[in-house]
Number of protein chains: 2
Amino acid sequence: MNSFTEENYLKAIYKLTEESIGNVTTNAIAEAMNTKAASVTDMIKKLSEKQLVNYAKYQGVTLTHKGEGIAIQIIRKHRLWEFFLVNKLNFKWDEVHDIAEELEHINSAPLVDRLDEYLGFPKFDPHGDPIPSKNGTLKIPNFFKLSKLETGERGTVSGVSDHSAAFLQYLEKQHLGLGIQLKVSEKNDYDNSMIIITEERTLFLSKEVANNILVAK
Amino acid sequence: MNSFTEENYLKAIYKLTEESIGNVTTNAIAEAMNTKAASVTDMIKKLSEKQLVNYAKYQGVTLTHKGEGIAIQIIRKHRLWEFFLVNKLNFKWDEVHDIAEELEHINSAPLVDRLDEYLGFPKFDPHGDPIPSKNGTLKIPNFFKLSKLETGERGTVSGVSDHSAAFLQYLEKQHLGLGIQLKVSEKNDYDNSMIIITEERTLFLSKEVANNILVAK
DNA sequence: TATGTTTTTTAGATCGCTCTAAATTAACCA
DNA sequence: TGGTTAATTTAGAGCGATCTAAAAAACATA
């Protein structure tokens with residue numbers, strides 16, 4: 001059995017691995033976990049002894065097969081619970097992250113399986129992130145940053161890369177949510193802002209916002 | 001904020017208070033928590049500093065108003081989650097205790113309130129224990145030990161005082177569950193065993209079993 | 001490639017919770 | 001009421017996770 005802390009390290013390393021090429025550095029983990037590099041080194045050694053990460057001094061880490069499996073199961077739990085909170089308990093998508101951070105550490109395989117079944121085996125969580133299946137497979141959807149669309153192109157809002165309440169609430173205010181169809185009406189080269197048209201309204205979006213919205217073409 | 005450990009101590013003290021008269025002793029807590037008396041003394045001091053228990057050396061403890069409030073909220077969460085597991089996820093009543101022991105420490109008032117609403121504000125958990133309301137009130141139902149019924153008396157199975165999987169599975173095997181109506185057909189003074197008649201069958205129950213079944217008259 | 005900078009690791013300490021062993025206090029009973 | 005037993009507390013230590021400060025390795029670039 002692994003502690004909450006160990007699980008959080010594995011999850012952080014998994015996510016950093018997705019974002020980076022090559023090994024994940026000590027400092028990157030420290031930043032992601034809001035802790036100090038020295039603490040990370042200690043934990044890495046422990047995880048390495050448990051064969052959950054591959055580690056050589058000064059070389060950063062990668063997850064072992066076993067470590068990756070655990071990380072994926074935690075992510076599965078997190079996303080299933082988010083789905084539950086939004087679709088059964090009527091939470092808004094900006095309210096569920098912190099609660100799911102706690103729920104993801106509940107340790108019971110039958111609970112996860114029954115929850116999955118109860119929810120109808122959902123494929124995506126409320127933020128558009130794919131939910132790993134029981135056996136740990138996860139098909140990465142083909143989403144693009146909205147900022148990559150060209151003038152005149154159309155897309156459907158399908159995910160976000162910033163899960164903060166602040167960002168999600170901003171989208172809410174603009175009436176932007178998953179499933180919204182849009183068309184790029186104008187792109188501004190100077191600041192990379194853009195103007196888009198949805199069924200409801202015309203919106204001005206900054207570079208930051210357009211970068212954090214994921215669309216399917 | 002209190003740690004899981006602190007919460008478990010408060011819960012244990014609350015339950016011991018229900019069962020005993022006067023202050024709860026160090027040894028009783030140690031036994032309930034599966035730990036050593038010395039550890040209990042340490043924790044008691046900490047809880048006392050936080051004003052969650054009243055404590056004087058060698059005198060045992062009582063919960064303060066604040067401590068009792070926290071304990072009741074944990075019990076509320078435990079019982080709501082048990083109800084959820086049985087009634088929504090189709091777990092059996094002997095499978096839910098350990099999972100609820102984890103879920104009860106999830107910290108989110110809106111989560112508890114919405115769960116309560118989602119479940120239809122249930123009054124009793126799957127073992128017949130009353131679920132405290134949001135404001136912490138808890139009406140103790142008027143249940144008796146089955147062993148207290150006299151020959152010829154009737155009752156309805158309404159609760160259990162042993163929540164172990166072993167006991168619950170035994171009841172299951174005898175087709176005894178909440179709501180079952182029964183009549184005492186015979187009591188044996190020698191070993192305090194009894195024979196009861198339900199709609200379905202006639203059962204022999206030992207003293208131990210009859211002591212742990214609660215009935216409403 | 002040598003030197004300065006950044007990253008990472010090590011050493012040593014702290015905090016929360018637990019333990020064993022020993023000391024202290026309370027309770028019981030002859 | 002004094003002595004024995006049982007309950008409780010104290011003292012001191014360990015473990016997991018964290019930190020700061022200092023040392024070591026890797027890197028970057030002039």
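Letters A, B, ... are given to chains in the order of the sequence lines, protein chains preceding strands, and every chain is numbered from 1. Bear in mind the structure is a predicted one, so any value in this text is a computation, not a measurement.
- With distances taken from any side-chain atom of A:Ala37 to the nucleotides C:dT9, C:dT18, C:dT20, the minimum falls on C:dT9.
- C:dG16 atom P lies 17 Å from atom CD of B:Glu7, rounded to whole Å.
- Here B:Lys57 does not reach the OP1 or OP2 of C:dT24: none of its side-chain N or O atoms lies under 4.0 Å away.
- A side-chain donor-acceptor contact under 3.5 Å links A:Asn8 and A:His105.
- Contacts of A:Lys187 classified as salt bridge (Lys or Arg N to Asp or Glu O under 4.0 Å), with partners at least two apart in sequence or in another chain: none.
- The interatomic distance linking A:Glu6 (CD) with D:dC15 (P) rounds to 16 Å, in whole Å.
- Toward the 5' end of DNA chain D, the nearer of the two residues A:Met33 and B:Val24, judged by each one's closest nucleotide, is B:Val24.
- No more than 12 heavy atoms of other residues, nucleotides or ligands shown are found within 6.0 angstrom of CD on A:Gln51.
- D:dT8 atom P lies 10 Å from atom CD of B:Gln59, rounded to whole Å.
- The aromatic rings of A:Phe84 and B:Tyr118 stand perpendicular to each other, their planes meeting at an angle above 60°, with 30° marking the opposite boundary.
- Taking atom CG of residue A:Asn8 and atom P of nucleotide D:dT18, one finds them 9 Å apart after rounding to whole Å.
- For the pair A:Ser39 and D:dC19, the criterion of a side-chain N or O lying under 4.0 Å from OP1 or OP2 is met.
- Using a 4.0 Å heavy-atom cutoff across all strands shown, A:Tyr9 reaches sugar-phosphate atoms only and no base atom.
- When heavy atoms are screened at a 4.0 angstrom cut-off, B:Thr5 is found touching the sugar-phosphate backbone but no base atom.
- Closest to the side chain of A:Tyr58, out of D:dA11, C:dT25, C:dT8, is C:dT8.
- Distance CZ (A:Phe4) to P (D:dT18): 13 Å, rounded to an integer number of Å.
- Comparing D:dT9, C:dT18, C:dT9 by their closest approach to the side chain of B:Thr41 singles out D:dT9.
- The shortest distance between the side-chain N/O atoms of B:Asn27 and the OP1/OP2 oxygens of D:dA6 is not below 4.0 Å.
- Among residues two or more places apart in sequence or in another chain, the salt bridge (Lys or Arg N to Asp or Glu O under 4.0 Å) test is passed with B:Lys57 by none.
- Phosphate proximity of D:dT20 to A:Lys36: present, with a side-chain N or O under 4.0 Å from OP1 or OP2.
- Rounded to an integer number of Å, the gap from CD1 of A:Ile44 to P of D:dT18 is 12 Å.
- Atom CE of B:Met43 and atom P of D:dT10 are 16 Å apart (whole Å).
- As judged by a 4.0 angstrom heavy-atom cut-off over every strand, A:Tyr55 is placed among residues touching the sugar-phosphate backbone only.
- Across the protein-nucleic acid pair, A:Asp42 atom CG and C:dT9 atom P stand 10 Å apart, rounded to whole Å.
- Across all strands shown, A:Thr26 has heavy atoms under 4.0 Å from sugar-phosphate atoms exclusively, and none from any base.
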